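Right, one structure below, let's go through it.
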Amino acid sequence: MNWTDWQTLSIENPFTANSLRETLDGGQAFRWSLEQEDIWQGTWGLHLTQLRLDPTQSLQFRHPSKNRFTTEQAIRDYLLLDTDWNAIIDQLPWRSDSHLQSSIQAFPELRLLNQPFAETLLGFMCSATKQIPQIKIMCANLANKLGDEIVDGAHALPTWEQIAQSSEETLRSLGLGFRAKNIKRTADLIVQDPGCLDTIETLPYEEAKERLLVFPGVGSKIADCTLLFGARKYEAFPVDTWIIKVLQRRYGLEGWANPQLEQFGRIHLGPYAGYAQQFLFAYERANR
DNA sequence: AGGCAGGTGGCCA
DNA sequence: TGGCCACCTGCC
């Protein structure tokens, strides 16, 4: 494949190799992989892009020459390069929370992504009781079998309309397992109400979550991940197995039920609880 | 070989 | 509300 020349993205606070890996491949998105040494290749929407840190640690990108759709601005929007993350970190309660402080220090420049809402929902519906490598395989199968071709055999994730046109059996053949039934039923609901996802994305957090919970196979955790990584609802605090471990071991919350853990997260961590969650999650996984 | 994995929903008290 | 369990599939 022919690629454009590498172009440098100017950033206030550059990534480290570690924080770039954790941001792209730490479980927010399931469509990035290490293509060559130190070159990340990923897909979102109809974008196909490679990223690397050059020898001076500057972030650079390139895209297939044929894919004129991908622009620097599209990448800046996806990576949220113009968000002042340090100002947000400053509003987290790290001054009174030494474990949070350690987690933040362990992953300097870890960021949240701004992914397309519809495909964020799809990715996390695949994630139930699966580890990241398996989720990535499911997403790749969905894209290759049902999604539009971007360029030279690279495919986008399917739209919900494309999924609705497939059978549950087809979805099962892509390795989705018991998730196939709910993903198919959710696709049917979305097709019945065109534009509903666009609407949900614009609603305030509480209302948006309520609307997502209507879809079969979407519970509190998947709804929160979708809103945090696909709709910039930073108060969303996904409670997964890793965060449960953190809250039990580091915050002494053994025996608390999930709804209470969610409430603790939102109250203790505040309007950017989801960003704090990402640091706690990354730090816990790094020390497993 | 059996248990477990970034969950959810149904059923029971 | 709280506890238990089935559910696909692949990996250890």
Side-chain angles (χ1 to χ4, degrees), chain A residues 21-33 103 107 110 112-113 115 119-142 145 157 163 166-190 209-231 233 236-250 253-265 269 273-288:
Chain A
R21 175 190 52 72
E22 188 64 27
T23 300
L24 298 176
D25 202 24
Q28 294 189 55
F30 306 108
R31 298 282 285 150
W32 287 91
S33 55
S103 302
F107 289 91
L110 172 63
L112 295 173
L113 296 173
Q115 303 178 68
E119 64 180 53
T120 311
L121 176 61
L122 178 58
F124 281 96
M125 287 195 75
C126 292
S127 74
T129 65
K130 279 293 175 191
Q131 300 181 96
I132 292 171
Q134 301 308 315
I135 304 166
K136 287 167 73 168
I137 291 171
M138 289 187 223
C139 289
N141 290 343
L142 279 165
K145 177 82 174 183
L157 280 173
I163 294 170
S166 316
S167 65
E168 179 187 332
E169 188 180 59
T170 298
L171 297 175
R172 280 185 181 263
S173 76
L174 302 177
L176 300 197
F178 64 79
R179 302 153 197 81
K181 184 175 188 176
N182 287 331
I183 288 173
K184 168 65 174 162
R185 289 169 61 202
T186 293
D188 291 339
L189 286 174
I190 291 172
K209 183 168 181 178
E210 199 175 312
R211 293 281 301 270
L212 285 178
L213 292 176
V214 170
F215 296 129
V218 179
S220 191
K221 189 269 179 187
I222 288 175
D224 275 341
C225 286
T226 303
L227 292 170
L228 180 60
F229 306 131
K233 307 295 182 193
F237 185 73
V239 171
D240 57 46
T241 56
W242 294 98
I243 289 302
I244 291 171
K245 284 180 197 162
V246 175
L247 294 177
Q248 287 178 343
R249 297 216 292 252
R250 308 290 183 177
L253 305 185
E254 287 91 355
W256 287 41
N258 284 15
Q260 279 65 52
L261 294 177
E262 287 178 26
Q263 197 175 8
F264 172 85
L269 299 167
Y275 191 32
Q277 191 266 11
Q278 231 14 57
F279 287 106
L280 297 173
F281 176 83
Y283 191 55
E284 189 69 17
R285 280 199 330 137
N287 295 322
R288 71 191 158 200

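Only a predicted model underlies this, so the values are computations on that prediction, with no experimental measurement involved. Labels below follow one simple rule: chain letters A, B, ... track the order of the sequence lines, proteins then strands, and each chain is numbered from 1.
Using a 4.0 Å heavy-atom cutoff across all strands shown, A/Phe281 reaches at least one base atom of the nucleic acid. Across all strands, A/Ala257 comes closer than 4.0 Å only to sugar-phosphate atoms, never to a base (heavy-atom distances). Residue contacts for A/Phe30: at a heavy-atom cut-off of 4.0 Å it reaches no nucleic acid atom on any strand shown. Base contact: A/Gly26 has a heavy atom under 4.0 Å from a base atom. Contacts of A/Glu284 with the nucleic acid, taken as non-hydrogen atoms under 4.0 Å apart, are absent. Residue A/Pro216 is classed as a sugar-phosphate contact, given heavy-atom separations below 4.0 Å to backbone atoms only. Using a 4.0 Å heavy-atom criterion, one finds that A/Glu168 contacts no nucleic acid atom at all. Within the 4.0 angstrom heavy-atom criterion, only backbone atoms of the sugar-phosphate kind lie near A/Gly217; the bases stay farther away.
Comparing the P positions of C/dC7 and B/dA1 gives an interatomic distance of 22 Å, to the nearest angstrom. The separation of B/dG6 from C/dG3, taken at their P atoms, amounts to 23 Å, rounded to a whole angstrom.
Rounded to a whole Å, the NZ atom of A/Lys221 is 13 Å from the P atom of B/dA5. Summarising the geometry, the separation between CG on A/Leu122 and P on B/dG6 is reported as 19 Å, rounded to the nearest angstrom. Computed from coordinates, the A/Arg179 CZ to C/dA6 P distance equals 16 Å when rounded to whole Å. Rounded to an integer number of Å, the gap from A/Leu280 CG to B/dG6 P is 17 Å. As a whole-Å value, the separation of A/Phe178 CZ from C/dT9 P is 10 Å. A/Arg185 places its CZ atom 8 Å from the P atom of B/dG10, with the value rounded to the nearest Å. At whole-Å resolution of the value, CD1 in A/Ile222 and P in B/dG6 are 13 Å apart. Rounding to whole angstrom units, CH2 of residue A/Trp242 and C1' of B/dG7 are separated by 16 Å.
Of the listed nucleotides (B/dG6, B/dT8, C/dC8), C/dC8 has the atom at the smallest distance from the side chain of A/Thr129. If you check C/dC8, C/dG2, C/dG10 against the side chain of A/Gln134, the one that comes closest is C/dG10. Looking at the side chain of A/Lys130, the nearest of the listed nucleotides B/dG6, C/dT9, B/dG7 is C/dT9.
Judged by closest nucleotide on DNA chain B, A/Gln277 is the one of A/Gln277 and A/Val218 placed further toward the 5' end.
A/Phe237 has its ring centre no less than 6.0 Å from the ring centre of A/Phe264.
The nucleotide B/dG7 finds its pairing partner in C/dC7, both defining distances of the Watson-Crick or G-U wobble pair being shorter than 3.5 Å. Of the nucleotides present, B/dC12 is the one that pairs with C/dG2 by Watson-Crick or G-U wobble criteria, both distances under 3.5 Å.
Environment of CD in A/Glu169: sparse, with no more than 12 heavy atoms of neighbouring residues, nucleotides or ligands closer than 6.0 Å.
For the pair A/Gln131 and C/dG10, the criterion of a side-chain N or O lying under 4.0 Å from OP1 or OP2 is not met. A close approach under 4.0 Å does occur between a side-chain nitrogen or oxygen of A/Arg172 and OP1 or OP2 of C/dC8.
The two residues A/Trp242 and A/Glu284 come nearest to each other via the heavy atoms CE3-CG, 3.9 Å.
Using modelled atom types and a 3.5 Å distance limit, the side chains of A/Ser173 and A/Thr170 yield no donor-acceptor pair.
In this structure, A/Asn287 contributes its side chain and A/Tyr283 its backbone to a donor-acceptor pair below 3.5 Å.
Ion pairing of A/Asp25 with A/Lys136 is present here, as a side-chain N (NZ or NE/NH1/NH2) and a carboxylate O approach within less than 4.0 Å.
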